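This one's a predicted model, so the numbers in the text were calculated from it and none came from an experiment. In what follows, chains are A, B, ... by sequence order, proteins preceding strands, each numbered from 1.
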2 protein chains.
Amino acid sequence: MLHDLKARIHDNQFPNKRLPDERSLSEAYNVSRSSIKRALEVLANQGIIFKKRGSGTFINPLYMKNQTIFHYEGTNLGITDSFKSDGQTPNIKLLDFQVVPATAELQQDLFLESGDFVYEIKRLRLFDDQPFMIEHGYIPIKIAPELSQKVVSGSIFNYLEDEQNKVVTKSFMTMRAAPSTSDDQKLLGLSAVEPIAIMEGIFFLDDGTPFEVSNMRLRYDYFNYNTFVTLDEE
Amino acid sequence: MLHDLKARIHDNQFPNKRLPDERSLSEAYNVSRSSIKRALEVLANQGIIFKKRGSGTFINPLYMKNQTIFHYEGTNLGITDSFKSDGQTPNIKLLDFQVVPATAELQQDLFLESGDFVYEIKRLRLFDDQPFMIEHGYIPIKIAPELSQKVVSGSIFNYLEDEQNKVVTKSFMTMRAAPSTSDDQKLLGLSAVEPIAIMEGIFFLDDGTPFEVSNMRLRYDYFNYNTFVTLDEE
DNA sequence: GAGTGGTCTAGACCACTTC
DNA sequence: AAGTGGTCTAGACCACTCT
């Protein structure tokens with residue numbers, strides 16, 4: 001039903017830029033009004049529609065006008081997939097891969113107990129031969145007990161989804177900018193005045209289990225984060 | 001009730017990092033379970049808690065950790081309010097304020113027609129005497145026809161909300177990092193190797209009308225964007 | 001099996017706009 | 001006053017986790 005609504009919006013089946021009222025939709029789709037509200041809520045969060053109490057529900061004209069710019073992104077989870085590759089091939093160079101005991105900090109972030117171990121994975125990501133990101137991550141052994149060097153040299157998220165039926169759907173990330181260290185400069189081919197962007201945080205599985213703590217240092221010219229923010233709660 | 005829950009979380013009243021189950025909360029607060037769910041949903045979207053079906057609701061350990069002194073919260077729009085000042089006073093220094101014809105690009109971004117005019121506003125934001133952000137914005141005259149130099153030296157969003165009954169609730173933003181220009185260095189007091197973070201995008205009124213195109217250049221050490229991303233809605 | 005969150009229903013009443 | 005979205009209730013049933 002959500003999907004149908006979205007399709008109809010794209011199909012321009014609401015030339016008034018206005019949706020039927022919730023009660024009608026509820027009847028038309030044979031679901032409760034609450035269910036309709038949930039669906040509309042999703043569309044509103046994606047910036048596709050907006051609701052005006054007392055007036056109705058309208059299609060965001062800008063969404064239709066300029067789809068490339070005004071669509072919800074901010075959903076950058078699978079890194080390999082979320083960077084535009086522009087014809088270039090994404091590569092991964094494994095820098096370090098070992099099993100280490102979880103530090104106190106990791107224990108807290110990943111919900112581990114003392115004595116638990118984690119994979120420490122350090123990788124360099126490239127497009128063709130151009131490195132653009134240093135990735136430093138920790139994954140609990142008990143969540144992914146079968147990580148091999150081969151897996152870790154590819155997309156870990158894809159492996160999990162395809163082979164382990166585990167889906168990463170949430171992340172808590174914090175982003176900032178920083179001058180590059182000499183290490184960054186060497187690995188990413190930057191000059192001293194060229195900075196990096198840092199994204200760090202935790203990835204969660206579908207069920208809320210924290211799955212990976214990750215620190216990503218990116219060439220500033222390969223980093224661009226788009227987000228559609230709605231401020232209404234609280 | 002939402003507020004109370006949030007306060008209790010901040011107060012560390014759940015040392016287990018675990019909240020009571022929804023049915024108990026529902027009883028404790030004397031509201032329906034649906035209402036509790038709505039409240040928890042808000043907290044979950046803010047990344048404060050996460051829920052594990054079948055297990056319970058837990059507090060995000062990272063949330064408590066990332067309370068840096070100055071940071072821009074991903075879920076806030078009014079800039080003045082969204083920087084934590086830690087006792088310091090946020091100030092605004094007006095650098096430039098004039099009316100200019102809208103360029104072709106502005107016409108597109110702000111939904112204007114050729115011949116329309118916009119305010120061009122350039123401001124420096126400071127905490128006490130420490131500048132941390134250069135703000136360069138454009139606002140259509142026809143949306144806010146009464147902007148004065150006085151208004152523009154304070155919080156424009158607050159003015160709109162308090163005096164004009166217009167609320168800015170949405171924004172489409174893109175973020176990146178860049179080396180600082182000599183201009184940046186002069187205005188923000190940076191050295192040559194210190195970078196800036198750039199946030200640029202469009203603010204919308206709550207009816208979807210684009211209200212401002214803004215470009216913000218921040219000292220890298222005053223920028224920190226937290227975001228909780230959920231990838232499931234289709 | 002008991003406990004917990006997820007989804008959904010059917011309906012009441014409130015708040016805002018003017019369809 | 002009529003229409004429309006917002007909030008809330010009380011409860012049913014499902015899906016998953018824990019032991």
Atom CD1 of B:I36 and atom P of D:dG11: how far apart are they, to the nearest Å? 16 Å
Could you check which of C:dC8, D:dT9, D:dG6 has an atom nearest any side-chain atom of A:R23? D:dG6
Do A:V118 and A:I141 have side chains that get closer than 4.5 Å, going by heavy atoms? no
Among C:dG5, D:dT9, C:dT7, the nucleotide that comes nearest once only the side chain of B:E22 is considered: C:dG5
C:dC16 OP1/OP2 closer than 4.0 Å to side-chain N/O of A:S55: no
Note: contacts of residues 25-34 of chain A with DNA chain D (heavy atom, under 4.0 Å) are A:R33
At less than 4.0 Å, is any side-chain N or O atom of A:K37 found next to OP1 or OP2 of D:dG6? Yes or no. yes
Is A:K122 salt-bridged to A:E135, cutoff N-O under 4.0 Å? no
May I have the distance from A:R53 (atom CZ) to C:dT17 (atom P), rounded to whole angstrom? 8 Å
Figure out the CZ/P separation between A:F50 and D:dT4, and round it to whole Å. 16 Å
Rounded to whole Å, the CD-P distance (B:E41 to D:dT7) equals 14 Å
May I have the distance from B:L40 (atom CG) to D:dC8 (atom P), rounded to whole angstrom? 13 Å
Is the shortest side-chain N/O distance from B:K51 to OP1 or OP2 of C:dG6 below 4.0 Å? yes
Quick one: A:L19 CG to D:dG3 P, roughly how many Å, whole number? 19 Å
Assuming nearest nucleotide by heavy-atom distance, tell me which of B:R18 and A:G56 is located more 5' along DNA chain C. B:R18
Note: A:E200-A:R217 ion pair, threshold 4.0 Å (strictly below): no
State whether the distance check finds a donor on one side and an acceptor on the other, under 3.5 Å, for side chain B:R38 versus base D:dC8. no
Side chains of B:I9 and B:I49 in contact at under 4.5 Å (non-hydrogen atoms): yes
Is the CD atom of A:E113 crowded by more than 12 outside heavy atoms at less than 6.0 Å? no
Take A:S26 and A:R23, measure what side-chain hydrogen bond (donor to acceptor under 3.5 Å, both in side chains) needs, and give me the verdict at the end. CA-CA 5 Å; A:S26 153; A:R23 286 162 181 89; over 6 Å; no
Within the structure provided, determine whether A:P210 and A:F203 are in side-chain contact (heavy-atom separation under 4.5 Å). no
Between P on D:dC16 and CZ on B:F58, what's the gap in Å once rounded to a whole number? 17 Å
When the distance from CG of B:D21 to P of C:dT4 is rounded to whole Å, what number comes out? 4 Å
